[in-house]
Structures are given as C-alpha cells and as structure tokens.
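Contents: one structure, followed by commentary.
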Amino acid sequence: RSSDLIAVHQDLTASFVYIDPNSGGDSGDTSACIVRWYKNGSAVVQYTGVTLPAASLTTCDVWFYIVTPYDGINYGVSVASVEVGITGQT
C-alpha cells in the first residue's frame, strides 16, 4: 500500500466503485456497502460510514478503510484502501 497525506482539518471520505455482476455489469449501490475505518492499524468501530469527520483526526495518525460491497443479496470481497497520513499542515 502506498500512503497519501491530508491536513488534520479535512474530513476523510471513502471513495470506491464496484461492479455488480448480477445487475448486468452496472455499478452497485455504494450506500449498502460496509465501510470499516482503521487508525494506526486498529479498527475504530464507531465510524462505519463513508465519511470520517475531521474532528476524529490527529496529526501523525495513519488511517485506511476496508470496504465490503453488498448488493442487497450477496457480500463481495473486502478491499482495503491506501493508507492516509494526517499532517498538521493546512
């Protein structure tokens, strides 16, 4: 995994697309997906949505998320994002 940097005052937003093969190849509804956030390698269970609020970020932390697609019937393969380092810069 590579690492990106963002400033401590910015929200983190999970960004992903998945294709649902049961719907003729159309992209699936990302609102039904499961998003789990990880801080410095440990799961942070209170954050499960696509947006991680800036108030939860601390300089020098490293965050990533794991997304599990769900089409309303089946769960897909979970995939991890790249790691994002938090800087104190604006």
Side-chain angles (χ1 to χ4, degrees):
R1 281 190 257 199
S2 63
S3 182
D4 293 325
L5 297 174
I6 71 158
V8 71
H9 70 278
Q10 295 176 289
D11 289 344
L12 278 179
T13 302
S15 178
F16 56 91
V17 175
Y18 78 96
I19 304 299
D20 183 357
N22 298 325
S23 67
D26 293 335
S27 57
D29 177 11
T30 59
S31 66
C33 294
I34 298 169
V35 179
R36 292 190 175 95
W37 290 93
Y38 292 78
K39 174 182 164 184
N40 302 325
S42 298
V44 182
V45 297
Q46 66 263 38
Y47 301 115
T48 57
V50 296
T51 301
L52 184 66
S56 64
L57 306 180
T58 303
T59 301
C60 297
D61 285 343
V62 176
W63 286 86
F64 69 95
Y65 61 89
I66 294 178
V67 62
T68 305
Y70 181 65
D71 66 4
I73 300 170
N74 299 305
Y75 290 96
V77 176
S78 298
V79 177
S81 71
V82 298
E83 293 177 333
V84 176
I86 309 304
T87 71
Q89 301 171 355
T90 58

message = Are Y47 and V79 connected into the same hydrophobic cluster when the rule is that any two of I, L, V, M, F, W, Y join if their side-chain heavy atoms are below 4.5 Å apart?
response = no

query = When you measure from the side chain of S81 to the backbone N and O of F64, does any donor-acceptor pair fall under 3.5 Å?
reply = no

message = Could you check whether any side-chain N or O of Y65 sits under 3.5 Å from a backbone N or O of S15, counting only pairs where one atom can act as donor and the other as acceptor?
response = yes

remark   = T51 meets the side-chain contact (heavy atoms from CB on, under 4.5 Å) criterion, sequence neighbours left out, with D11, T13

Under 3.5 Å, which donor-acceptor pairs do the side chains of residues 34-41 form with other protein atoms, sequence neighbours left out?
from	atom 1	to	atom 2	distance (Å)
W37	NE1	G49	O	2.8
N40	OD1	V62	N	2.9
N40	ND2	D61	OD1	3.1

message = Nearest 0.5 Å, please: how far is CD in Q10 from CG in L52?
response = 12.0 Å

Separation of I66 CD1 from F16 CZ (nearest 0.5 Å) = 13.0 Å

Nearest heavy atoms of P69 and C33, plus distance in Å = CA-SG, 3.5 Å

Residue pair W63, V44: steps toward the side-chain contact (heavy atoms from CB on, under 4.5 Å) verdict = CA-CA 10 Å; W63 286 86; V44 182; 3.8 Å; yes

